[in-house]
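Structure record follows, encoded as structure tokens.
Lettering of chains follows the sequences in order, A, B, ..., and the numbering in each one begins at 1. Values in this document were obtained by computation on a predicted structure and should not be read as measured data.
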4 protein chains.
Amino acid sequence: MDRAGEAAAGPGRRRRRDGALRRDAVLDAGLAVFSTLGLHGASLDQIAERAGLSKTNLLYYFASKEALYLAVLQRVLTVWLDPLQALDAGSEPADALKAYIRAKMTLSRDAPQASRLFCLEIVQGAPLLRAELAGPLRALVDAKAAVLGSWIAQGRIGPHDPRHLIFSIWAITQHYADFAVQVEAVTGRDLSDPDFFEATVASTQRLVLAGLGLA
Amino acid sequence: MDRAGEAAAGPGRRRRRDGALRRDAVLDAGLAVFSTLGLHGASLDQIAERAGLSKTNLLYYFASKEALYLAVLQRVLTVWLDPLQALDAGSEPADALKAYIRAKMTLSRDAPQASRLFCLEIVQGAPLLRAELAGPLRALVDAKAAVLGSWIAQGRIGPHDPRHLIFSIWAITQHYADFAVQVEAVTGRDLSDPDFFEATVASTQRLVLAGLGLA
Amino acid sequence: MDRAGEAAAGPGRRRRRDGALRRDAVLDAGLAVFSTLGLHGASLDQIAERAGLSKTNLLYYFASKEALYLAVLQRVLTVWLDPLQALDAGSEPADALKAYIRAKMTLSRDAPQASRLFCLEIVQGAPLLRAELAGPLRALVDAKAAVLGSWIAQGRIGPHDPRHLIFSIWAITQHYADFAVQVEAVTGRDLSDPDFFEATVASTQRLVLAGLGLA
Amino acid sequence: MDRAGEAAAGPGRRRRRDGALRRDAVLDAGLAVFSTLGLHGASLDQIAERAGLSKTNLLYYFASKEALYLAVLQRVLTVWLDPLQALDAGSEPADALKAYIRAKMTLSRDAPQASRLFCLEIVQGAPLLRAELAGPLRALVDAKAAVLGSWIAQGRIGPHDPRHLIFSIWAITQHYADFAVQVEAVTGRDLSDPDFFEATVASTQRLVLAGLGLA
DNA sequence: CATGAATGAGGGTTCATTCAT
DNA sequence: TATGAATGAACCCTCATTCAT
């Protein structure tokens with residue numbers, strides 16, 4: 001019944017849904033290609049082929065290569081800042097930090113391309129993202145640094161500069177996505193291996209918590 | 001005598017030395033441009049101009065764009081692995097680790113472009129460096145992991161997986177070079193500020209040493 | 001009754017009238033854009049936007065870009081040849097020529113875009129208008145040359161080749177539309193200034209009439 | 001001997017001369033194509049083929065299509081303003097005007113493409129030439145209008161506004177280049193026919209001189 | 001009548017690379 | 001060594017046109 005209903009929904013609506021799907025397919029393809037070859041190394045032809053449409057048609061959905069790149073980046077950034085939002089002042093510090101580390105490491109496992117694209121953009125000086133960094137990102141970090149600061153003030157965690165702590169967690173967790181080839185070259189494993197994933201999470205949690213005098 | 005010898009060396013030798021100087025100039029220019037724009041975003045014209053010669057002449061020194069890129073990468077890699085070599089089994093663990101962290105952070109301050117170029121290459125899957133990773137780099141890490149492993153076995157540092165420990169130190173120290181724009185957007189400072197540099201070194205040392213039960 | 005009839009005419013007829021209005025709007029927009037940018041420099045999008053409809057819809061009214069261009073040209077040509085028709089053998093030569101010059105100069109003032117589009121087409125070799133030139137236009141010129149010729153034969157105007165005379169009048173009067181930017185750059189004025197318009201008409205009339213020994 | 005000398009001149013010099021020749025060939029081809037199809041209608045491929053080189057090589061000589069177009073226009077403009085320079089206050093008015101009309105008509109015969117390209121540019125609003133019009137061209141016209149004005153003040157020619165007189169001569173003489181297709185459609189002849197050329201010159205001279213009371 | 005989606009051809013331009021000297 | 005000239009491949013993008021509704 002439902003499927004019949006969908007089939008009868010009329011072309012207009014189906015089309016529109018197809019359009020949104022194709023847009024998403026393009027964003028996915030863009031993420032894959034951009035994160036491997038960079039903005040300049042990627043070609044629209046490549047992305048279009050991967051998304052299953054023609055280059056011209058791709059340009060019907062996104063006005064230009066740079067517009068597509070930006071759209072991909074925006075989508076990445078949204079996902080990227082999400083876990084930190086959850087770091088809550090009301091939680092037990094150890095639990096909150098452990099959860100945050102796990103959440104970030106999970107992202108590194110499940111969305112490594114997003115991590116890499118973000119990394120590429122930042123490493124190259126964030127020509128298109130600088131405003132986002134100085135605006136929303138900084139605001140979020142300031143807010144969470146305040147949370148960590150209050151824990152320190154209450155003596156619940158050691159006196160580690162909150163921003164350096166955040167950077168350290170970011171650095172370590174993202175390292176397993178961004179430097180995955182290196183990790184694999186050295187260890188022969190990556191995060192998709194459940195044992196390795198758990199060992200990495202545990203190791204990072206232990207380092208950070210002990211580093212803060214919580215273990 | 002030496003100086004007279006040099007002065008009288010004739011065009012042949014002087015030329016050769018000039019040539020070596022120009023080669024270095026090209027490598028420097030290549031590092032600067034590649035680290036900002038990536039392999040594909042950089043143009044030989046740009047690099048040549050920065051190095052003060054013509055594009056055609058540049059191609060006399062390096063057979064192709066990719067050859068130049070590789071040469072730049074090789075030079076980077078050499079510098080890159082150097083500090084780890086110094087991690088010596090004979091030292092006191094705390095001292096050795098503190099020194100290593102400081103050395104790496106110093107590199108991030110003094111050679112951020114090298115760090116970024118290395119990062120770019122790895123993030124994109126290390127298409128040209130994979131062999132280096134699986135070969136020399138892995139061997140070096142294995143060797144140093146053995147050192148750390150011996151310290152653990154002797155109970156001189158906590159039971160933290162040696163490779164994860166190395167990754168964590170790399171991740172944190174390189175973060176301040178690779179994500180410098182982000183660090184600056186959030187904190188308003190960077191490693192060239194001596195106070196910030198020392199605070200960052202101290203913070204990282206404390207986290208790692210405490211994380212290993214050494215503080 | 002008529003108005004009621006119109007009001008009650010139903011969608012069919014009203015639609016048709018709307019259609020004619022939109023057609024005209026497209027022709028107007030086409031004239032404006034083509035006369036500024038030429039056939040190849042103009043885009044259907046531009047014309048459609050100016051006419052207030054979508055490109056696809058524009059192509060419902062005109063089968064192709066070239067078809068639209070031709071339609072615009074046709075409309076221009078009709079207006080263009082009109083004043084010459086009025087040159088009547090029965091009139092006094094001086095009056096007839098003065099009236100013709102004024103009529104042409106008025107067109108240059110009121111329909112400069114039409115003049116320019118016609119000019120563009122002719123200058124480029126009239127690829128789409130050659131037939132019109134060799135057919136109706138030549139016939140008209142032949143007819144009017146006969147009129148002028150009869151005046152010469154009667155000694156009522158000087159022995160100036162009729163066709164050259166017509167060309168001269170065309171050239172001068174159209175110059176103030178086609179080369180308006182140049183005229184304005186040199187004099188700071190254009191035909192929309194009533195004083196300048198009258199002075200230009202008078203000047204041209206004087207030159208031509210005196211040139212024919214009529215003053 | 002001369003030819004041998006040239007042949008022995010060495011590659012460097014021959015090359016350079018070839019380069020200048022090719023540049024000229026490109027300018028010629030550009031004039032031919034631009035004057036027929038306009039800036040937007042012309043393609044670099046077309047021009048390159050006509051000039052006997054590849055599109056890419058053409059772009060080695062001229063940085064962009066617009067740069068080439070401008071270079072062509074500049075060359076045209078130089079030739080264009082030349083005859084007017086010769087209009088000298090010291091001459092007999094009738095002789096000077098007759099000579100000027102002949103010179104302009106000769107240009108229309110020998111360089112009709114230049115005339116047409118100039119016309120195209122002006123008709124479209126002179127987007128790239130406006131500065132030239134308001135600067136050098138206006139200055140030249142002002143100077144020559146002063147000459148004509150002095151003749152009027154001395155009663156040597158009739159009281160015809162000098163600028164309108166100049167415009168009229170321009171309009172008529174250029175008409176035979178710019179509207180050549182129309183002239184040919186109507187008369188079956190063009191300026192390359194010596195009889196027609198002389199008749200046209202004479203006719204124009206008579207109209208203008210008589211118009212000024214000089215015949 | 002009207003529209004959103006899709007397409008293919010072509011255009012200008014960049015750029016690494018080669019050639020000839 | 002060094003350079004100016006030349007080339008061909010690839011790329012992004014525009015645009016007239018068609019399709020399907």
For dA5(F), does OP1 or OP2 lie under 4.0 Å from any side-chain N or O of Tyr61(D)? no
Starting at atom CD of Gln46(D), determine the distance to atom P of dG11(E), rounded to an integer number of angstrom. 8 Å
Has Arg22(C) got a side-chain N or O lying under 4.0 Å from the OP1 or OP2 atom of dA2(E)? yes
Could you tell me whether the phosphate oxygens of dA6(E), OP1 or OP2, come under 4.0 Å of any side-chain nitrogen or oxygen in Tyr60(A)? no
How far, in whole Å, is dC1(E) from dA20(F) if one measures between their P atoms? 23 Å
Base, sugar-phosphate, or nothing: which does Leu59(C) touch, judged by heavy atoms less than 4.0 Å apart? base
Base, sugar-phosphate, or nothing for Thr56(B), non-hydrogen atoms under 4.0 angstrom? base
Measure the distance from CD1 on Ile47(A) to C1' on dC12(F) and round it to the nearest whole Å. 12 Å
Let's test your reading of the model: under 3.5 Å, does the base of dG12(E) pair with the side chain of Lys55(D) as donor and acceptor? yes
Just to be sure I understand the rule, does Leu44(C) reach a base, reach only the sugar-phosphate, or reach nothing, if contact means heavy atoms closer than 4.0 Å? sugar-phosphate
How many whole angstroms separate atom CG of Asp45(A) from atom C1' of dA10(F)? 9 Å
Just checking Ala67(C): base, sugar-phosphate only, or nothing, at a heavy-atom cut-off of under 4.0 Å? nothing
With nearest nucleotides of DNA chain E determined for Ala63(B) and Ser43(D) from heavy-atom distances, which residue corresponds to the more 5′ nucleotide? Ser43(D)
Residue mapping more 5' on DNA chain F - nearest nucleotide basis, Leu53(D) or Leu39(A): Leu53(D)
For Phe62(D) and dA5(F), what is the distance between atoms CZ and P respectively, to the nearest whole Å? 13 Å
Remember a base hit wins even if backbone is also touched, and classify Ala42(C) as base, sugar-phosphate or nothing at under 4.0 Å, heavy atoms. sugar-phosphate
Nucleotide dG4(E), atom P - distance to CZ of Arg23(A) in whole Å: 16 Å
Do Leu68(A) and Tyr61(A) have side chains that approach each other closer than 4.5 Å (heavy atoms only, starting at C-beta)? no
Now, which nucleotide makes the Watson-Crick or G-U wobble pair with dT21(E), with each of the two distances under 3.5 Å? dA2(F)
Under the criterion side chain to side chain contact (heavy atoms under 4.5 Å, CB included), I'd like the reasoning laid out for Leu37(B) against Gln124(A): C-alpha separation, chi angles, the key distance, then a yes or no. CA-CA 6 Å; Leu37(B) 297 171; Gln124(A) 298 186 3; 5.7 Å; no
Complement of dG11(E), any strand, by Watson-Crick or G-U distances under 3.5 angstrom: dC12(F)
Rounding to a whole Å, what distance do you find between Lys65(D):NZ and dT14(F):P? 15 Å
Salt bridge Asp28(D)-Arg75(D), side-chain N to carboxylate O under 4.0 Å: yes
OP1 or OP2 of dT7(E) under 4.0 Å from side-chain N/O of Ser54(A): yes
So, Asp45(A) and Lys55(A), do they make that salt bridge, N to O below 4.0 Å? yes
Side-chain touch Phe34(A)/Gln113(A), heavy atoms, less than 4.5 angstrom: no
